[in-house]
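For reference, the structure is listed below as structure tokens.
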Amino acid sequence: MTDFSAISDSLTAQAIELPSWAFGNSGTRFRVFTAPGVPRTPFEKISDAAQVNKHTALAPTVALHIPWDKVDSYEDLAKHAEDEGVKLGTINSNTFQDEDYKLGSVTHSDDAIRQKAIDHHFECIDIMHATGSRDLKIWLADGTNYPGQDDLRGRQDRLADSLQKIYDRLGDEQRLVLEYKFFEPAFYHTDVPDWGTSYAQVAALGDKAMVCLDTGHHAPGTNIEFIVMQLLRLGKLGSFDFNSRFYADDDLIVGAADPFQLFRILVEVVRGGGYANPDVAFMLDQCHNIENKIPGQIRSVLNVQEMTARALLVDRDALATAQRSGDVLAANAVLMDAFSTDVRPALAAWRESRGLPADPMTAYAESGYFEKISGDRVGGTQAGWGA
Ligand code: PSV
Ligand code: MN
């Protein structure tokens with residue numbers, strides 16, 4: 001197997017973007033639990049996100065969701081981020097919480113509502129100019145609940161037309177990433193249900209449009225690493241939304257439900273040239289309903305780092321030899337050797353050699369930050385998913 005020293009430099013290249021909404025309260029339709037110290041403003045969310053980077057050096061950017069993270073001055077927010085040692089990243093549009101979008105947003109049959117949804121994306125692009133963000137991430141809740149409710153083909157045509165208008169507004173250095181999801185909140189059909197639809201739509205737009213793969217947005221049993229391979233092969237894997245799921249779109253800590261799946265995904269990322277490649281953005285899209293949010297995010301980026309290290313440890317030559325000779329068990333053993341390697345001690349040493357805490361979870365717990373925000377952030381309205 002490859003020696004850890006051979007991968008130690010490549011690990012330095014890892015960057016995982018954090019979602020601002022991970023730091024707000026969240027829950028299920030049954031209950032949203034609150035917690036002490038939860039941010040009241042986008043500024044406080046950025047401060048919390050910066051803690052993750054401070055202890056891990058893995059999370060240099062923070063994604064914003066509009067309108068959840070609307071502020072009077074994005075320049076001020078960007079400056080605040082910089083003061084805290086991070087930068088603002090992807091801008092997520094939101095066309096799923098407005099009454100007008102009940103029957104669709106960019107696919108709506110009413111031109112006025114469709115234009116409103118397009119205008120929202122124009123606003124997001126303006127914000128991207130102010131924040132210096134590269135990516136506009138679009139996830140659409142559009143779909144129908146009943147057969148016959150709307151014309152499937154017409155919706156797809158309107159989607160293409162709306163995306164073209166949004167795409168044409170992008171600056172030279174900006175990109176659009178289109179996320180897919182096979183269900184929810186619509187249940188009969190979803191307008192962007194799968195990677196193929198997202199691919200078809202972004203391929204028609206041009207080079208600055210890519211697919212976003214959210215690991216939680218697939219049917220049980222889907223071979224996600226195959227999709228990763230295919231999108232990398234086609235040059236259209238723009239970004240990941242990492243999270244874990246047991247049942248549906250659970251948004252749990254990445255690597256928690258199925259670390260082996262995360263490993264397999266990262267093996268294909270490395271194989272396809274998607275690692276340490278600026279074209280393929282690593283992001284988390286998670287919520288922490290019952291655990292504390294900052295340590296939840298620290299655990300998440302450490303999980304990604306751990307599985308990345310294991311994926312980098314795969315002995316590619318031995319694998320190729322075994323595959324060429326048709327030695328099924330030997331090929332499988334090469335992968336399993338890497339997956340079974342406990343890289344935690346080596347990663348702790350790697351961190352220490354870079355002036356980072358060997359154990360970021362303990363370092364955060366002992367830093368006093370949680371006690372400080374719990375004492376300071378009294379009054380006001382805590383941020384939450386959807387607000
Ligand atoms: C939709 O389920 C999604 O994955 C999209 O990325 C949204 O922007 C995000 O969740 C909101 O939490
Ligand atoms: Mn997502």
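Only this structure's heavy atoms are used, side chains among them; waters, hydrogens and symmetry mates stay out. Read the numbers this way: they start at 1 and go in the same order the structure lists the ligands and their atoms.
Taking 4.0 Å as the cut-off between side-chain N and carboxylate O, Asp150 and Arg158 count as a salt-bridged pair. The pair Lys137-Asp135 does not count as a salt bridge, with every side-chain nitrogen at least 4.0 angstrom from each carboxylate oxygen. Between Lys181 and Asp249 a salt bridge is recorded (basic side-chain N to carboxylate O distance below 4.0 Å). For Glu225 and Arg271, the salt-bridge test fails: no basic side-chain N is under 4.0 Å from an acidic carboxylate O.
Each of the following atoms of ligand 1 lies closer than 4.0 Å to a heavy atom of Asp214: 4 (O). The atoms of ligand 1 that sit less than 4.0 Å from any heavy atom of Trp21 are 12 (O). Proximity to Asp241 (heavy-atom distance under 4.0 Å) selects the following atoms of ligand 1: 6 (O). Residue-ligand proximity, Lys137 to ligand 1, at heavy-atom distances under 4.0 Å covers atoms 6 (O).
Asp285 contributes OD2 as its N, O or S atom closest to the Mn ion (ligand 2). The Mn ion (ligand 2) sits nearest to atom OD2 when only the N, O or S atoms of Asp241 are considered.
Using a 4.5 Å heavy-atom cutoff, the side chains of Trp350 and Ile7 are not in contact.
At under 3.5 Å, a nitrogen or oxygen of His65, whether backbone or side chain, sits near a nitrogen or oxygen of ligand 1. The shortest N or O to N or O distance between Asp249 and ligand 1 is below 3.5 Å. For the pair Lys181 and ligand 1, the shortest N or O to N or O distance falls below 3.5 Å. For ligand 1, the polar-atom distance check finds no N/O of Asp251 at less than 3.5 Å from any of the ligand's N/O atoms.
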Fill in: Verdict with supporting geometry, Asp9 and Thr12, side chain to side chain donor-acceptor pair (under 3.5 Å)
CA-CA 5 Å; Asp9 281 347; Thr12 318; 4.7 Å; no

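Among all non-hydrogen protein atoms, the one lying nearest atom 5 (C) of ligand 1 is Glu179 OE2, 3.4 Å. Nearest to atom 12 (O) of ligand 1 among the protein's heavy atoms is Trp385 NE1, 2.7 Å. In this structure, atom 4 (O) of ligand 1 lies nearest to the protein heavy atom Asp285 OD2, 2.7 Å.
Judged by distance alone, with hydrogens and angles left aside, the side-chain atoms of Ser244 form a donor-acceptor pair with the main-chain N or O of Gly255 at under 3.5 Å.
Classification of the Phe263-Phe339 ring pair by plane angle, with boundaries at 30° and 60°, yields tilted.
Residues Asp48 and Tyr369 share a closest heavy-atom pair of OD1-OH, 2.6 Å. Across every non-hydrogen atom of Leu18 and Ala49, the tightest pair is CD1-O, 3.7 Å.
Vertex the Mn ion (ligand 2), arms ending at OE2 of Glu179 and OD2 of Asp214: the angle is 90° after rounding to 10 degrees.
Residue contacts with ligand 1 do not include Glu184, since none of its heavy atoms lies under 4.0 Å from the ligand.
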